[in-house]
Amino acid sequence: MQTLSDIKEIKLEQLRPKAFIDEQVAALRKAVGKGTAINALSGGVDSSVVTMIGHRALGARLRTVFVENGIMREGEPEHIVELFGRLGVKVELVDARAEFFGALKGLTDPEEKREAITQTFYKTVFGRIVRESNARYLLQGTNYTDVEETVAGVKRQHNILEQLGIDTQRQFGYKVLEPIIQLRKTGVRKVARALGLPKEIHSRPPFPGPALAARVIGEVTPERVETVRKATAIVEKELARSGAFQYLAILHEDKVTGLRGNRRDFGHQIELRCWDSTDAVTGAPTELPFAKLTKLANRITTEVPGVVSVTYNVTAKPPSTIEAV
Ligand code: XMP
């Protein structure tokens with residue numbers, strides 16, 4: 001990654017999306033020449049924009065991979081592949097669920113869980129795909145805020161090739177290309193619109209890199225992810241028009257006693273969070289109508305097997321964080 005002083009930010013008021021796209025397309029064509037490139041798409045706005053610019057520039061010479069890690073939302077991998085298919089971009093779906101759940105097995109510490117997901121993605125799965133491909137160019141959706149946060153020490157120093165297990169000394173020739181490095185998120189969203197990406201992509205609410213694993217307290221197993229996934233689908237549907245910044249469901253580690261059909265049922269607890277925020281740095285709980293909260297509780301306890309308790313968190317950030325893990 002380049003240092004901050006090498007990179008000139010394009011401020012929102014200076015950004016001309018169409019001209020920006022043309023410039024980046026030309027730059028990619030020049031850099032890659034007759035070679036081939038590879039990138040990973042997650043469906044987030046950054047990787048979606050890079051995928052579209054990359055395909056405009058390189059067509060079939062860009063291989064785009066979507067890694068199914070087993071911790072995505074309901075139907076998300078297939079939906080993203082299908083959506084890009086409709087835009088004329090072929091995306092390869094790689095099923096790596098077993099590798100991710102294998103790496104997460106037995107882990108309960110938040111940092112260890114995050115680290116396992118990062119390592120499995122970079123070193124085990126995507127690293128292997130890159131090393132086995134003939135591509136020497138890697139397209140990466142680094143944005144200006146990522147660079148700033150890395151410089152400020154908020155994020156770990158990213159050397160993407162090192163993370164992929166590629167020794168640049170021995171395996172000379174790899175090159176990382178970062179078409180949106182001069183833009184912040186609002187700029188990326190503007191470019192996404194200009195590229196014809198649908199609203200669900202360009203105005204996508206934030207979603208964490210560790211996906212639903214950030215919302216499972218304790219061990220991340222396929223069964224526990226399925227519980228939080230079902231609750232998430234209900235929360236996202238019910239709160240889609242709430243105007244809130246972010247809304248989520250969290251699965252707790254502790255079970256509590258509930259009642260079902262006059263019998264005691266020792267079951268799961270789901271915690272709901274819904275945030276008013278502009279930048280995710282601070283946040284306040286949204287004052288949701290009580291009727292909406294009880295509807296959520298009713299739906300989750302009837303539609304998600306094993307859940308007997310639903311709570312709403314009314315803590316601000318700080319001291320809370322937006323996610324639970
Ligand atoms: P926290 O939980 O730190 O979250 O208050 C702040 C914002 O960042 C998102 N988030 C993440 N995004 N990788 C990401 O790409 C992560 O590991 C991660 N953790 C949290 C979170 O959803 C919120 O918008």
Side-chain angles (χ1 to χ4, degrees), residues 1 39-50 66-67 69-73 76 80 100 103-104 107-122 126 140-150 152-158 160 163 178 180-181 183-186 188-189 192 200-217 220 225 228-229 231-232 235-236 239-240 242-252 271-286 313-325:
M1 190 188 274
N39 80 315
L41 169 69
S42 71
V45 66
D46 296 340
S47 68
S48 295
V49 164
V50 167
F66 187 107
V67 175
N69 54 15
I71 49 181
M72 300 278 181
R73 286 170 290 190
E76 203 168 13
I80 297 295
F100 279 88
L104 285 162
L107 302 184
T108 53
D109 177 80
E111 282 314 308
E112 286 179 16
K113 282 155 60 173
R114 281 170 177 268
E115 189 58 20
I117 293 164
T118 308
Q119 290 294 325
T120 307
F121 177 78
Y122 285 109
F126 192 53
Q140 167 82 347
T142 320
N143 66 38
Y144 196 76
T145 314
D146 295 332
V147 182
E148 254 180 0
E149 288 181 344
T150 305
V154 179
K155 278 191 183 158
R156 275 169 297 170
Q157 178 63 43
H158 277 74
I160 175 84
Q163 290 204 52
E178 299 171 309
I180 57 168
I181 201 157
L183 304 179
R184 289 183 192 274
K185 200 65 115 192
T186 36
V188 181
R189 292 191 194 278
E200 66 164 293
I201 300 283
H202 69 67
S203 299
R204 214 169 197 233
F207 188 66
L212 296 176
R215 300 169 183 180
V216 172
I217 302 174
V220 182
V225 170
V228 96
R229 180 181 285 127
T232 301
V235 171
E236 290 196 347
L239 298 181
S242 64
F245 176 78
Q246 216 173 334
Y247 28 82
L248 47 127
I250 293 157
L251 174 64
H252 278 248
E271 173 191 325
L272 305 180
R273 295 185 186 182
C274 181
W275 294 100
D276 289 338
S277 177
T278 48
D279 53 11
V281 177
T282 59
T286 309
N313 192 323
V314 290
T315 317
K317 173 182 176 175
S320 180
T321 51
I322 288 181
E323 306 289 344
V325 168

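Every number for a ligand or one of its atoms is a count from 1 in the order of the listing.
Polar contact check, G209 against ligand 1: a nitrogen or oxygen pair lies under 3.5 Å apart. On a distance-only criterion, R114 and ligand 1 share at least one N/O pair closer than 3.5 Å. Taking only nitrogen or oxygen atoms, main chain and side chain alike, F207 does not reach within less than 3.5 Å of ligand 1.
Nearest non-hydrogen protein atom to atom 2 (O) of ligand 1 is E323 N, 2.8 Å. Distance from atom 3 (O) of ligand 1 to its nearest protein heavy atom, with residue and atom name: K317 NZ, 3.8 Å. Given atom 4 (O) of ligand 1, the protein heavy atom at minimum distance is I322 CB, 3.9 Å. For atom 23 (C) of ligand 1, the nearest protein heavy atom (residue, atom name, distance) is Q246 OE1, 3.4 Å.
Side-chain atoms of S48 come within 3.5 Å of backbone atoms of G44 as a donor-acceptor pair (strictly under, hydrogens ignored). The backbone N or O of S42 sits less than 3.5 Å from a side-chain atom of S47, completing a donor-acceptor pair. K113 places a side-chain N or O within donor-acceptor distance of the main-chain N or O of V216, the cut-off being under 3.5 Å. Side-chain atoms of T286 come within 3.5 Å of backbone N or O of C274 as a donor-acceptor pair.
Here the options are Q246, K317, R273, the test is side-chain hydrogen bond (donor to acceptor under 3.5 Å, both in side chains), and the partner is E323; only Q246 passes.
Taking a cutoff of 4.0 Å between a charged side-chain nitrogen and a carboxylate oxygen, E76 and R229 do not qualify as a salt bridge.
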Passes side-chain contact (heavy atoms from CB on, under 4.5 Å), D279 versus F245? Steps please. CA-CA 9 Å; D279 53 11; F245 176 78; over 6 Å; no
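Every atom of ligand 1 is numbered from 1 in the order shown, and the set under 4.0 Å from a heavy atom of P206 is 24 (O).
Counting heavy atoms under 4.0 Å from ligand 1, residue P208 touches it through both backbone and side chain.
Note on ligand 1: P210 sits in its first shell, one or more heavy atoms being nearer than 4.0 Å.
Under the 4.0 Å distance rule, the nearest protein heavy atom to atom 8 (O) of ligand 1 falls outside the cut-off.
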